[in-house]
Engineer: 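Next up is a structure, given as structure tokens.
So that the names make sense, note that chain A is the first sequence line, chain B the second, and so on, each numbered from 1. Both backbone and side-chain heavy atoms feed into the values below; hydrogens, waters and symmetry mates do not.
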Amino acid sequence: MLVPFDRPLNLPDTLECGQAFRWQRRGEWYFGVVYNNLVKLRQTPGGIEFSCAPDGEATLGPRLRDYLRLDDDLEAIYRAICEDERVRDAVAMYRGMRLLRQDPWECLISFICSANSNVPRISANVEAMSTAFGQPVTLDGETRSTFPTPEALADAGEMKLRALGLGFRASYVAATARAIADGRPDLFALREAPYEEALAALLALPGVGDKVANCVLLFSLDKLEAFPVDVWIERALREWYLDCQKLPRARMRPWAQAHFGPYAGYANQYLFHRRRLQGRAKL
DNA sequence: CCACGGCCTGATTC
DNA sequence: AGAATCAGGCCGT
């Protein structure tokens, strides 16, 4: 099945830039679990070719469009953020890289697990939780598992989560899962809420600080002005913007949001990707 | 308001 | 080789 698409799209960078943790590359194909389906996809000249299970491809197609944010007008977004020279350079390097519209629940737990961790380990944690507490799904002889429900993780409890290798994040995941299972807050409702209100609701959850909250807002709750400040973005801003050199980390986000504007989140993703691939040099 | 150290764990670095 | 350091932070003091 094909999702036709003829606008800028850089699928490898989109899926491998660290905003989602369940995509695995096998040659030119990517395998991942979205919308409770095991999905296999690749980019072709005509768009995105994919297959999935257990649901039909007719129902997954529109959802993949949504997930990949194919309706974002990248050219317009580029015009808005490319007044900045550093962003312009990064866009030239990774043109077509898109933000994703992920499931907010999975996104929230994944980024709680990201604290003081690294991408391979976060992926292993997410995979372990899915295998232990999700439902198996099979496609082309490959079996993965859906991401567990809030109830499943809440019932699992801190000890079983520690056994999966989450470390000190286990208590945060258990407590936040309980809160979400109880509907406080209703994550999907936050898509309709203004940025500041959604941010405040997320910050009330255990294990969620400003950085994690902004990741969830940007990667799953349609807040394109969100601006997560992690170690890589901090390095990038300090090195590339004199105004930021001695700003405390807590003040960097508001500065960046004012500087980059309503699509600051897209600017963030390009700067992050560029600075991270550049490595630990210069700090 | 800001600075600082501890926290699970495993890979990488010294 | 064995000990620090670091990894997409958060929380309490």
Engineer: Touch check for Q269(A), heavy atoms < 4.0 angstrom, all strands: base, sugar-phosphate only, or nothing?
Structural biologist: nothing

Engineer: Please check the phosphate of dC2(B) (OP1 and OP2 only) for any side-chain N or O of R251(A) closer than 4.0 Å.
Structural biologist: yes

Engineer: What I want to check is whether the side chains of R26(A) and Q24(A) have a donor and an acceptor closer together than 3.5 Å.
Structural biologist: yes

Engineer: Tell me: CZ of R249(A) to P of dG9(C), nearest whole Å?
Structural biologist: 6 Å

Engineer: My understanding is that only residues two or more places apart in sequence, or in another chain, count here; which of them pass ring pair (Phe, Tyr, Trp, His ring centres under 6.0 Å) with Y94(A)?
Structural biologist: H273(A)

Engineer: Which side-chain N or O atoms in residues 153-168 of chain A pair as donor and acceptor under 3.5 Å with protein atoms at least two apart or in another chain?
Structural biologist:
{"from": "D155(A)", "atom 1": "OD1", "to": "R178(A)", "atom 2": "NH2", "distance (Å)": "3.2"}
{"from": "E158(A)", "atom 1": "OE2", "to": "R162(A)", "atom 2": "NE", "distance (Å)": "3.1"}

Engineer: Touch check for F219(A), heavy atoms < 4.0 angstrom, all strands: base, sugar-phosphate only, or nothing?
Structural biologist: base

Engineer: Given atom CG of L166(A) and atom C1' of dC10(C), what is their separation to the nearest angstrom?
Structural biologist: 15 Å

Engineer: Calculate the interatomic distance between F168(A) atom CZ and dG10(B) atom C1'; express it in whole Å.
Structural biologist: 13 Å

Engineer: Output a table of nitrogen or oxygen pairs between the protein and nucleotides 11-13 of chain C separated by less than 3.5 Å.
Structural biologist:
{"from": "dC11(C)", "atom 1": "OP1", "to": "G207(A)", "atom 2": "N", "distance (Å)": "2.7"}

Engineer: To the nearest Å, give me how far apart CD1 (I233(A)) and P (dA7(C)) are.
Structural biologist: 14 Å

Engineer: Where along residues 103-133 of chain A does a heavy atom fall under 4.0 Å from DNA chain B?
Structural biologist: N116(A), R121(A)

Engineer: Quick one: side chains of residues 262-271 of chain A, donor-acceptor pairs under 3.5 Å with protein atoms, not counting sequence neighbours, listed by atom name and distance.
Structural biologist:
{"from": "Y266(A)", "atom 1": "OH", "to": "D72(A)", "atom 2": "OD2", "distance (Å)": "2.9"}
{"from": "Y266(A)", "atom 1": "OH", "to": "L99(A)", "atom 2": "N", "distance (Å)": "3.2"}
{"from": "N268(A)", "atom 1": "ND2", "to": "P228(A)", "atom 2": "O", "distance (Å)": "2.8"}
{"from": "Y270(A)", "atom 1": "OH", "to": "Y78(A)", "atom 2": "OH", "distance (Å)": "2.6"}
{"from": "Y270(A)", "atom 1": "OH", "to": "M97(A)", "atom 2": "N", "distance (Å)": "3.2"}
{"from": "Y270(A)", "atom 1": "OH", "to": "M97(A)", "atom 2": "O", "distance (Å)": "2.6"}

Engineer: Other than L2(A), which residues form its hydrophobic cluster under the rule that side-chain heavy atoms must be closer than 4.5 Å?
Structural biologist: none

Engineer: With salt bridge (Lys or Arg N to Asp or Glu O under 4.0 Å) as the criterion, how do E234(A) and R238(A) come out once you've worked through the C-alpha distance, each side chain's angles and the decisive distance to 0.1 Å?
Structural biologist: CA-CA 6 Å; E234(A) 180 177 358; R238(A) 289 197 197 288; 2.9 Å; yes

Engineer: Using the P atom as the reference point in each nucleotide, state the distance between dG9(C) and dC1(B) in Å, no decimals.
Structural biologist: 23 Å

Engineer: Out of dC7(B), dA3(B), dC10(C), which nucleotide sits closest to the side chain of P248(A)?
Structural biologist: dA3(B)

Engineer: Side chain of V212(A) only, please: which of dC10(C), dC8(B), dA7(C) is the nearest?
Structural biologist: dC10(C)

Engineer: For residues 175-220 of chain A, pull every pair meeting ring-ring contact (aromatic ring centres under 6.0 Å, His included), keeping only residues two or more places apart or in separate chains.
Structural biologist: F111(A)-F219(A)

Engineer: With sequence neighbours excluded, give me every side-chain hydrogen bond (donor to acceptor under 3.5 Å, both in side chains) pair touching residues 184-193 of chain A.
Structural biologist: none

Engineer: How many whole angstroms separate atom CG of L247(A) from atom P of dC1(B)?
Structural biologist: 15 Å

Engineer: What distance, rounded to whole Å, do you find between the two P atoms, one in dC8(B) and one in dG2(C)?
Structural biologist: 26 Å

Engineer: Who else is in the cluster with L68(A) when I, L, V, M, F, W and Y are joined by side-chain contacts under 4.5 Å?
Structural biologist: M1(A), V3(A), F5(A), L9(A), L11(A), L15(A), W23(A), Y30(A), V34(A), Y35(A), V39(A), L41(A), I48(A), F50(A), L60(A), L64(A), Y67(A), L70(A), L100(A)

Engineer: Could you name each residue pair satisfying side-chain hydrogen bond (donor to acceptor under 3.5 Å, both in side chains) that touches residues 125-140 of chain A, not counting sequence neighbours?
Structural biologist: R22(A)-E127(A), R22(A)-S130(A), K40(A)-D140(A), E127(A)-R144(A), T138(A)-T143(A)

Engineer: Not counting sequence neighbours, list each pair that qualifies as a salt bridge (Lys or Arg N to Asp or Glu O under 4.0 Å) and has a residue in residues 78-97 of chain A.
Structural biologist: E75(A)-R95(A)

Engineer: Can you tell me which stems involve DNA chain C, if a stem is defined as three or more consecutive Watson-Crick or G-U wobble pairs, both distances under 3.5 Å?
Structural biologist: B:3-7 with C:9-13, B:9-14 with C:2-7

Engineer: Verify the cluster assignment for L221(A) and I77(A): are they in a single hydrophobic cluster under the rule of side-chain heavy atoms below 4.5 Å apart?
Structural biologist: yes

Engineer: Round to the nearest Å and state the distance from W232(A) atom CH2 to dG9(C) atom P.
Structural biologist: 10 Å

Engineer: When you measure from the side-chain N and O atoms of R169(A) to the phosphate of dG9(C), is any distance below 4.0 Å, counting only OP1 and OP2?
Structural biologist: no

Engineer: In this structure, how many angstroms lie between the P atom of dA7(C) and the CZ atom of F21(A), rounded?
Structural biologist: 15 Å

Engineer: In whole angstroms, how far is the P atom of dC2(B) from the NZ atom of K246(A)?
Structural biologist: 13 Å

